[in-house]
Each structure stands twice: as structure tokens, then as C-alpha cells.
Amino acid sequence: EGMLIGKLHPSELHDEVYGAIGKIKSGMSVVGNEILCLRKDGTLFYCDIFSNAINFGGRNMIAGFMIDVSERRNDRKALMESNQQLQKINAELDNFVYSVSHDLRSPLLAIQGLEDQYGSLRQIEVIAERAPQTRMLALPDCGHSPHRDQPAETMAYVTSFLADKA
């Protein structure tokens, strides 16, 4: 007998599902990506559906395979949100660096810990691209606070930088 369409899909998708069934009956294979479906308990989930017409024991039937892709869909959504947030942060950094590089003519020292959980080497590279008078220092085994994580190395480099500019 199979599962009734009304029990498998929300009512707003019934016309679309019946249209797909018509295509399958006419001999087409149908693939549906991220189709909204209903669990037995009434909760919604997304799945990929692969359907085809078959003849089994002299009976024409529709065989379908469903794969729950809810987690994949949620992960992709979270990744897209993170990417949008990162693009916004990068745009803000670009704007800041652009304005600073136009206003700042003095020598500039940019220090970045390579183990920084909040920043990246790319940040000081962008500063150096926009402000060519920048000298960069990338400290290995150093986190977000070079002056705390590696005070001796940081102080030595700052002292050297200032001595060169004196």
C-alpha cells in the first residue's frame, strides 16, 4: 500500500509531490533535494529523495529512497551565517586599515601571534599592503597577547624597531 502522500509531506507540498509522481509514472526518474517531509510524530525534516518507476511481480510501482539531510542543511546554514559574519568583519577591517593607512604616515609595527585564536597573519598582511611603512612580526607559539605570551621577544623587537626609527 505504501505511505500516503499526506503522511509523508506537509500539505503545502502535495501539488508538487503529485506532479513529481506524474513524471515518475511517465518514465522519468525524479530526484528531489532538501524536500520538506513529515516524521510519524509530525515533526518536520529535510531529505533528498530518489524515485523511479519499477515493475515488481507484474505490478507497476514507484520505488523511492529517502536520505535525511537535516543535519547537512543546518550545518550549511550555520556555515553560511559564519561566512557572512566573517565577510562583515573583513570589510570592517579593510575600511579601518584604509582609513588608518591614509592618515598614518609614521612607521608602523604590526605584531601577530601565530596561535592567535581571534586573529590571523592575514590581518597584519593587509595592514602592510595598505601601509607600506609597516614592519611585521609573526611570533610562533604565541596567542592573542604577544606582550603576555612572549614578553622578552616582543620587547626586544619593539626596542629594535624604535632604535631603527630614532
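Predicted model only: the values in this text are computed from it and were never measured.
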#### Entry: Close side-chain approach of I111 to V158, heavy-atom, < 4.5 Å
yes
### Query
What's the spacing between E16 CD and L36 CG if we round to 0.5 Å?
10.5 Å
### Interatomic spacing from NZ in K23 to OG in S29 - rounded to 0.5 Å
12.0 Å
### Query
Any idea which heavy atoms bring S51 and I24 closest together, and the distance?
CB-CD1, 3.3 Å
### Task
Flag yes if more than 12 heavy atoms outside R148 fall under 6.0 Å of its CZ atom; otherwise flag no.
no
### Task
Measure the shortest side-chain to side-chain distance between M136 and Q112 over non-hydrogen atoms and say whether it is less than 4.5 angstrom.
no
### Query
What closest approach, in Å, do P10 and H14 show between heavy atoms, and which atom pair accounts for it?
O-CD2, 3.2 Å
### Query
Are the side chain of Q123 and the backbone N or O of L93 linked by a donor-acceptor pair below 3.5 Å?
no
### Connected via hydrophobic side-chain network under 4.5 Å: L162 and L137
yes
### Task
Count the heavy atoms of every other residue, nucleotide or ligand shown that sit under 6.0 Å from CD of E71, and state whether that count exceeds 12.
no
### Message
Can you give me the closest heavy-atom contact between L114 and A138, atom names plus distance?
### Response
CD2-CB, 3.7 Å
#### Entry: Atom CD of E12 with >12 non-hydrogen neighbours under 6.0 angstrom
yes
### Message
Is it the case that atom CG in D15 sees more than 12 heavy atoms from other parts of the structure closer than 6.0 Å?
### Response
no
### Task
Evaluate the side-chain proximity of L44 to L38: yes if any heavy-atom separation is below 4.5 Å, no if none is.
yes
### Query
Taking all non-hydrogen atoms of both residues, which atom of V69 and which atom of C47 are closest, and how far apart?
CG2-CA, 3.7 Å
## Note on the structure
For C142 and P146 the tightest heavy-atom approach is SG-CA, 3.4 Å
### Task
Flag the pair N90 / L86 as yes when at least one side-chain heavy-atom distance between them is below 4.5 Å, and no otherwise.
yes
### Message
Between P107 and D164, is there a side-chain heavy-atom distance shorter than 4.5 Å?
### Response
no
### Student check: side-chain heavy atoms of M66 and L8 closer than 4.5 Å
yes
### Inter-residue atom distance I67.CD1 - N33.CG, 0.5 Å rounding
10.0 Å
### Summary
In this structure, OG1 of T154 is separated from CZ of F161 (nearest 0.5 Å) by 14.0 Å
### Query
Do L13 and Y46 share a hydrophobic cluster (ILVMFWY, side-chain heavy atoms under 4.5 Å, transitive)?
yes
### Query
Looking at CG of D116 and CG of L121, how far apart are the two atoms once the value is rounded to the nearest 0.5 Å?
10.5 Å
#### Entry: Backbone of E34 reached by a side-chain donor or acceptor of D48 within 3.5 Å
yes
### Task
Hey, could you give me the NE2/CD distance between H144 and Q117, rounded to the nearest 0.5 Å?
7.5 Å
### Query
Judged by atom type as modelled, is there a donor-acceptor pair below 3.5 Å linking the side chain of Q150 to the main-chain atoms of P140?
yes
### Hydrophobic cluster membership, L139 vs L109, 4.5 Å side-chain cutoff
yes
### Query
If you look at every heavy atom in C37 and I49, which pair is closest and at what distance?
SG-CD1, 4.1 Å
### Query
Side chain of T159, backbone of M155: donor and acceptor closer than 3.5 Å?
yes
